[in-house]
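Report on the following structure.
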Amino acid sequence: MSDLPPGFRFFPTDEELVVHFLHRKASCLPCHPDIIPNLDRRLFDPWELNGKALQGGNCQWYFFSHAAAPNRISPSGYWMPVGAKETVTSGGRAVGMKTTLVFYAGRVPEGIKTNWLMDEYQLIDGATAPNGKSSSSMKRGSKKRRDLNLVVCRVYEASFFHVEENELSCLDEVFLSLDDLEEISMPK
């Protein structure tokens, strides 16, 4: 899926994701290399991203999507924000916001917390772009207007060494997805 030469790994910083990828994509500017795909995250659970999203270093998946409702529902669960939003800066200026979300298997609000995390990066309305122009000064009809609904996402599974007792491992999630879980019996 990657157009990167052998030996190169995609492992961008928060600033690089916002400035070099999200800002350019949202402003309809070319991205070189154009390797991060567009996905509708509502159609995929985190364990289904392999082969669909760009796989980066350390089992992380990257994709562009459009901002969703606060509970960000997917086929088998939902994403919920945790903690406060963080400001992403470049050259001492705020250029974006980072929200960290946790995936819960099941229906809102009774889902079971998993060890899947997503960092969602969005542009700040009115922030100065890396080229010195503010998004509010761009004309509405212009192709240079930034799409502030566009986000770039980094999805990854938290380390198994830091999993809380009430979180599910990847194997637990597979078992939960089985329809006939009650009919499975362990050998004696």
Side-chain angles (χ1 to χ4, degrees), residues 1-4 10-14 16-83 85-86 88 95-125 127 135 140 143-158 167-168 170 172-174 176-179:
M1 165 145 250
S2 173
D3 292 334
L4 296 174
F10 188 73
F11 200 69
T13 64
D14 293 350
E16 290 166 338
L17 280 172
V18 172
V19 173
H20 298 290
F21 292 96
L22 181 58
H23 168 72
R24 295 190 67 77
K25 180 84 165 180
S27 300
C28 298
L29 297 171
C31 294
H32 300 291
D34 190 8
I35 56 175
I36 301 177
N38 294 316
L39 293 178
D40 184 345
R41 64 177 155 196
R42 297 171 300 171
L43 302 177
F44 303 102
D45 291 317
W47 52 88
E48 297 176 319
L49 292 173
N50 196 21
K52 295 172 183 68
L54 170 66
Q55 184 170 358
N58 297 333
C59 293
Q60 298 180 0
W61 290 270
Y62 298 85
F63 59 92
F64 289 111
S65 190
H66 279 89
N71 57 9
R72 298 165 177 92
I73 295 172
S74 75
S76 297
Y78 56 97
W79 294 96
M80 288 296 293
V82 293
K85 289 186 176 188
E86 298 176 35
V88 178
V95 292
M97 296 300 290
K98 173 182 170 183
T99 304
T100 300
L101 303 104
V102 171
F103 187 76
Y104 286 79
R107 296 189 185 268
V108 178
E110 293 130 7
I112 300 169
K113 185 178 179 182
T114 70
N115 56 344
W116 286 99
L117 299 172
M118 175 168 53
D119 293 331
E120 177 185 270
Y121 300 87
Q122 66 186 60
L123 297 171
I124 298 175
D125 188 17
S135 63
R140 290 195 181 268
K143 288 186 178 181
K144 298 288 184 189
R145 189 177 189 308
R146 294 193 297 173
D147 179 359
L148 295 174
N149 264 340
L150 191 67
V151 295
V152 65
C153 301
R154 173 193 290 146
V155 176
Y156 55 97
E157 197 169 4
E167 291 181 349
L168 298 175
C170 198
D172 290 334
E173 291 171 6
V174 170
L176 276 177
S177 69
L178 296 174
D179 293 332

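These values consider heavy atoms only, across backbone and side chains, with no hydrogens, waters or symmetry-generated copies. Keep in mind the model is a prediction, meaning the values are calculated, not measured.
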With the side chain counted from C-beta on, respond yes when [X] and [Y] share a heavy-atom pair under 4.5 Å apart, and no when they do not.
X    : Y    : value
I73  : R42  : no
M118 : L101 : yes
H23  : L123 : yes
P37  : K52  : no
Y156 : W116 : no
T114 : Y104 : no
L54  : F63  : no
V155 : Q60  : no

For [X] and [Y], which heavy atoms make the closest approach, and how far apart are they?
X    : Y    : result
L49  : W61  : O-CD1, 3.9 Å
L117 : A158 : CD1-CB, 4.1 Å
N38  : F64  : OD1-CB, 3.1 Å
C153 : R41  : SG-NH1, 3.4 Å
V88  : V18  : CG1-CG2, 3.9 Å
L150 : S65  : CD1-O, 3.3 Å

Checking side-chain contact (heavy atoms from CB on, under 4.5 Å) for the pair V108/E110: CA distance, chi angles, key distance, verdict?
-> CA-CA 5 Å; V108 178; E110 293 130 7; over 6 Å; no
Counting N and O atoms only, with roles assigned by atom type, does the side chain of [X] sit under 3.5 Å from a partner on the main chain of [Y], one being a donor and the other an acceptor?
X   : Y   : answer
R24 : P30 : yes
D45 : S76 : yes
R72 : A67 : no

Rounded to the nearest 0.5 Å, what separates atom [atom1] in [X] from atom [atom2] in [Y]?
X   : Y    : atom1 : atom2 : result
D14 : D119 : CG    : CG    : 7.0 Å
C31 : H20  : SG    : NE2   : 11.0 Å
H66 : Q122 : NE2   : CD    : 12.5 Å

Sub-6.0 Å ring centroid separation between Y62 and Y121 = no
Quick one: are the ring centres of F103 and W47 less than 6.0 Å apart?
-> yes
Identify whether the distance between the nearest side-chain nitrogen and carboxylate oxygen of K85 and E120 falls below 4.0 Å.
-> no
How about Y78 and R107: does a side-chain donor come under 3.5 Å of a side-chain acceptor?
-> no
